[in-house]
Amino acid sequence: MTSKSTFLKVILLGDGGVGKSSLMNRYVTNKFDTHLFHTIGVEFLNKELDVDGHRVTLQIWDTAGQERFRSLRTPFYRGSDCCLLTFSLDDSQSFHNLANWKKEFTYYADVKDPKSFPFVVLGNKLDVPERQVSGEDVRKWCRENGGYPYFETSAKDAVNVTSGFEEAVRRILASCDRDEHLIHTNTVHLQRKSQSEDGCC
Ligand code: GDP
């Protein structure tokens with residue numbers, strides 16, 4: 001295990017109300033708060049963790065999913081090492097909208113090859129009984145889009161939230177070994193990478 005930390009940026013995208021802020025809050029603070037303020041544009045939290053012997057500082061960016069915030073959130077896509085595409089299992093429209101979120105991210109983050117970029121899909125609100133989306137349909141979509149990992153989560157009950165974020169880190173580390181998607185990142189991010197003494201790429 002190395003004591004040096006690699007800085008990684010992940011971004012949560014998905015419709016408003018699917019639970020992005022709650023997932024970030026659950027992961028970073030291990031709390032679930034039903035009275036979270038609505039995200040306006042973007043906000044982020046940092047978390048340090050060890051994954052498979054790598055010490056990582058994860059910067060998690062939460063975004064406002066509403067259309068009216070599009071111009072506020074999209075400038076923050078560049079430099080992301082992973083995108084967590086999030087929907088709610090009790091809202092089929094939020095699942096169908098994943099394709100739009102992926103498209104928006106790919107465009108504004110300037111991702112050249114979406115099939116090899118580390119996307120992770122989170123189906124949140126597993127605890128809600130009125131489920132509208134089958135795991136089979138999501139896994140099919142993930143396969144068709146490049147084999148993205150899929151987790152069914154509950155921010156409320158703390159189910160699979162840690163697994164989802166840790167998988168994001170694993171995907172990034174694997175892609176750093178494999179290709180050069182970080183070439184497309186912005187200058188600030190590259191500066192941060194070079195400041196990190198143990199950059200993975
Ligand atoms: P965001 O707009 O995507 O950031 O969604 P929020 O995190 O603000 O959550 C929207 C609503 O869904 C809030 O009322 C949350 O309390 C609720 N919520 C978030 N995650 C869960 C979950 O896992 N289960 C349930 N039952 N409700 C959730």
Side-chain angles (χ1 to χ4, degrees), residues 8-47 49 58-109 118-139 141-142 145 148-169:
L8 299 174
K9 173 180 174 181
V10 303
I11 192 158
L12 283 154
L13 295 187
D15 287 3
V18 298
K20 299 179 296 299
S21 305
S22 302
L23 285 163
M24 179 172 78
N25 207 34
R26 168 60 79 188
Y27 182 57
V28 175
T29 69
N30 199 22
K31 290 189 179 128
F32 179 74
D33 181 355
T34 48
H35 297 102
L36 284 181
F37 288 107
H38 286 301
T39 311
I40 299 185
V42 293
E43 53 191 44
F44 71 84
L45 290 175
N46 284 350
K47 181 171 169 96
L49 70 155
L58 206 55
Q59 186 170 80
I60 304 163
W61 288 74
D62 178 24
T63 59
Q66 289 80 0
E67 183 56 30
R68 66 184 184 281
F69 293 128
R70 179 198 273 244
S71 62
L72 288 180
R73 66 176 177 257
T74 51
F76 294 91
Y77 293 4
R78 286 178 78 92
S80 300
D81 295 302
C82 177
C83 176
L84 294 163
L85 294 169
T86 310
F87 71 97
S88 178
L89 288 161
D90 71 344
D91 175 4
S92 57
Q93 191 56 49
S94 71
F95 169 57
H96 294 304
N97 286 341
L98 286 192
N100 298 333
W101 285 109
K102 181 185 158 187
K103 200 169 155 192
E104 184 177 290
F105 176 78
T106 302
Y107 179 77
Y108 286 100
F119 286 99
V120 173
V121 176
L122 303 180
N124 191 40
K125 305 196 188 180
L126 182 61
D127 58 282
V128 175
E130 298 82 21
R131 182 172 174 137
Q132 290 186 2
V133 186
S134 78
E136 202 178 313
D137 285 350
V138 187
R139 279 185 280 276
W141 188 85
C142 289
N145 280 270
Y148 305 150
Y150 170 52
F151 292 86
E152 298 196 339
T153 60
S154 168
K156 184 177 178 203
D157 292 349
V159 176
N160 263 341
V161 179
T162 300
S163 307
F165 281 98
E166 289 190 357
E167 180 63 19
V169 173

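In each ligand, atom 1 is the first atom listed, and ligand 1 is the first ligand listed. Note that this is a predicted model, so its numbers are computed, not measured. Sequence positions, counted from 1, serve as the residue numbers for this chain.
With a 4.0 Å cut-off on non-hydrogen atoms, Asp127 touches ligand 1 through its side chain and not its backbone. When heavy-atom distances to ligand 1 are checked against a 4.0 Å cut-off, Asp15 comes that close only through its backbone atoms N, CA, C and O.
Among Thr63, Asp15, Thr86, the single residue meeting the side-chain hydrogen bond (donor to acceptor under 3.5 Å, both in side chains) criterion with Trp101 is Asp15. For the pairing with Tyr108, the side-chain contact (heavy atoms from CB on, under 4.5 Å) check across Arg78, Lys103, Arg70 returns one residue only, Arg70. Applying ring pair (Phe, Tyr, Trp, His ring centres under 6.0 Å) to Trp61 and the options Phe105, Phe44, Tyr77 leaves one that passes, Phe44.
Checked by distance only, ligand 1 and Thr153 stay at 3.5 Å or farther apart across all their nitrogen or oxygen atoms. When only interatomic distances are considered, the shortest N/O to N/O separation between Gly19 and ligand 1 falls below 3.5 Å. Not a single N or O atom of Phe32, backbone or side chain, sits closer than 3.5 Å to an N or O atom of ligand 1. Checking only distances, Asp62 never comes within under 3.5 Å of ligand 1, N or O to N or O.
Ring pair Phe95/Phe87 is tilted by interplanar angle, where 30° to 60° counts as tilted.
Here the side chains of Asn145 and Phe119 are not in contact, with every heavy-atom distance at 4.5 Å or above.
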Practice task
Show your reasoning for whether side-chain contact (heavy atoms from CB on, under 4.5 Å) applies to Leu85 and Trp141.
Solution key: CA-CA 12 Å; Leu85 294 169; Trp141 188 85; 4.0 Å; yes
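In the vicinity of Gly16, heavy-atom distances shorter than 4.0 Å reach the ligand 1 atoms 2 (O). Ligand 1 places these atoms under 4.0 Å from at least one heavy atom of Val128: 26 (N). Taking a cut-off of under 4.0 Å to the non-hydrogen atoms of Lys20, the atoms of ligand 1 that pass are 1 (P), 2 (O), 3 (O), 4 (O), 5 (O), 7 (O). Interface of Ser154 with ligand 1, defined as ligand atoms under 4.0 Å from a residue heavy atom, comprises 23 (O).
With atom 9 (O) of ligand 1 as the reference point, the heavy atom nearest to it among Ala158, Ser22, Pro129 is part of Ser22.
Asn124 and Thr153 share a donor-acceptor pair across their side chains, judged by distance under 3.5 Å alone. For the residue pair Gln93/Asn97, the side-chain donor-acceptor check at 3.5 Å is satisfied.
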